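Owing to the predicted nature of the structure, the values given are computational and were not obtained by experimental measurement.
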Amino acid sequence: MDRRRFLASAGLAGASILAGCGAIENQSTRSPPLVEDRPDATYYPTHSEGMEMIGHKEAGDYMVGLTYSYPHRFWTVTGTNAEQVTIQDADSVHLMASVWDPETEMVLPIESGVSITIDADGETVADKQPWPMVSQNMGFHYGDNYQLDGEGVYEITVRVDGMTERRLDGLADRFGDAGEMTTNFEFSRDARDDISYDEYADQQGSRAALDLMNMEMIPTSQVPATEDLPGKLLGTAKGSDEVYAATWLTEADFLEPGQSYLAVSVRTPYNRVPLPMMSLDGTVEIDGETAFDDTLSPAVHPDIGYHYGAVVETTGDPSVSVETVSPPQVSRHEGYETAFIGTPTLEF
């Protein structure tokens, strides 16, 4: 059992005791003190750190981009509890892997995960799975703090497992197999310490978010605006700060006659970053009769992006209820750690 799965099972076991935001610490060893009265929502962080490109290559069907920055604090989430991961003295860099479809440039959250192996002179320095993460300026990615063996050249291998999420339309026959890419990284402390670093003494704690970075080699991690979603938009609603958009498709290549598709896109409130790895149940009623009452499965579609959906055996005018069984089981950079923790039930 890998580290992430162990922590997830342990955290879920205690979720009833640690419900809410849990014991979130107030100090990181190399970052400004956290805002004292943080809202239970997205907020402007104390600071931001830039990042530098290491390389990007194809990995099977996937494209993978690898970047790095300073080691920094973040929060893991198990159940409804957020727990801070503090910076260790031996941490050298924070590595971030982005995975996307090279044809549509859609960033792909993959629940089966990513692994990163770092070698130097034929010896393995690190070999672990980074956490699935969301950050305000980076969007969705996989990241963790890594300890290197001093300055020098390292060989980094990123392995992306095959997607278990449902793939629809043009994505249906892709991403089922694992892919792998290898690139070299020359680490120096001076180069790392030249990465941009900004503090926001006047804005920290306010209800806002940093803008997403625009990087030439990595696509922006966003889902479509609600008005651009295909099908009939049933409405939008806010949960525990995340925004749910429900749309109803009666025509699509993957549907058979007499079928419709309910898609629920969940995104951050400011930058439309997808929030994956949730557990959602949905109920669809047509003319007072229940047409569907089951789990909404994670899926990707070229025009919807990452979402939760189900095929429904009807084409009528729906009334929809969505129950959040568990919030996004993704780690968060500062500014997101107190948001997206609740389990709302919403009507459309």
Side-chain angles (χ1 to χ4, degrees), residues 12 15-16 19-20 40-41 77 79-80 106 109 111 163-172 222-269 272-330 339-348:
L12 286 169
S16 61
D40 293 331
V77 173
T80 55
M106 180 195 307
E111 189 166 3
M163 291 188 75
T164 57
E165 291 82 354
R166 178 186 289 154
R167 282 94 67 199
L168 301 172
D169 277 359
L171 306 178
Q222 286 183 301
V223 290
T226 55
E227 61 268 23
D228 294 330
L229 290 170
K232 177 184 178 182
L233 182 66
L234 301 179
T236 62
K238 183 169 283 192
S240 53
D241 201 44
E242 72 276 17
V243 176
Y244 295 64
T247 189
W248 181 252
L249 284 72
T250 55
E251 295 182 4
D253 290 344
F254 61 90
L255 292 175
E256 297 180 0
Q259 291 182 335
S260 299
Y261 187 72
L262 171 65
V264 179
S265 173
V266 188
R267 70 276 304 277
T268 62
R272 305 197 319 268
V273 174
L275 290 172
M277 302 170 198
M278 303 176 71
S279 179
L280 299 183
D281 286 347
T283 302
V284 177
E285 291 188 355
I286 306 288
D287 297 328
E289 298 292 330
T290 300
F292 177 87
D293 186 11
D294 207 342
T295 299
L296 299 178
S297 300
V300 287
H301 181 280
D303 300 321
I304 305 173
Y306 184 98
H307 65 281
Y308 307 87
V311 174
V312 182
E313 301 294 333
T314 183
T315 57
D317 191 19
S319 175
V320 172
S321 174
V322 175
E323 178 186 359
T324 306
V325 179
S326 66
Q329 299 299 288
V330 292
F340 326 135
I341 293 291
T343 55
T345 298
L346 304 170
E347 306 289 336
F348 300 92

Backbone N or O of [Y] within a donor-acceptor pair of the [X] side chain at under 3.5 Å?
X: S319; Y: E285; result: no
X: E165; Y: E111; result: yes
X: Q329; Y: M278; result: no
X: T324; Y: P344; result: yes
X: T247; Y: K232; result: yes
X: T268; Y: V273; result: yes
X: S260; Y: T314; result: yes
X: E256; Y: F254; result: no
X: Y308; Y: M277; result: yes

Say you draw a straight line from [atom1] of [X] to [atom2] of [Y]; how long is it, rounded to the nearest 0.5 Å?
X: H307; Y: L280; atom1: NE2; atom2: CG; answer: 11.0 Å
X: T283; Y: D293; atom1: OG1; atom2: CG; answer: 3.5 Å
X: T236; Y: F348; atom1: OG1; atom2: CZ; answer: 7.5 Å
X: L234; Y: E347; atom1: CG; atom2: CD; answer: 12.0 Å
X: D281; Y: L296; atom1: CG; atom2: CG; answer: 7.0 Å
X: I286; Y: E313; atom1: CD1; atom2: CD; answer: 12.0 Å

Using every non-hydrogen atom in the two residues, find where [X] and [Y] come nearest and quote the distance to one decimal.
X: V284; Y: P318; answer: CG1-CB, 3.8 Å
X: S326; Y: T343; answer: CA-CG2, 4.3 Å
X: P327; Y: G79; answer: CG-O, 3.4 Å
X: L249; Y: G231; answer: CG-CA, 4.1 Å
X: W248; Y: G316; answer: NE1-O, 3.2 Å
X: D303; Y: P224; answer: O-CG, 3.4 Å

Is there a side-chain contact between [X] and [Y], using heavy atoms and a 4.5 Å cut-off?
X: D40; Y: D241; result: no
X: F340; Y: L275; result: yes
X: I304; Y: L229; result: yes
X: S279; Y: T295; result: no
X: M163; Y: V300; result: yes

Next on the checklist: Hydrogens and angles aside, do Y244 and E242 bring a side-chain donor and acceptor to less than 3.5 Å of each other?
Outcome noted: yes

Next on the checklist: Using a 6.0 Å cut-off, check whether atom CD of E289 has over 12 heavy atoms from anything other than its own residue.
Outcome noted: no

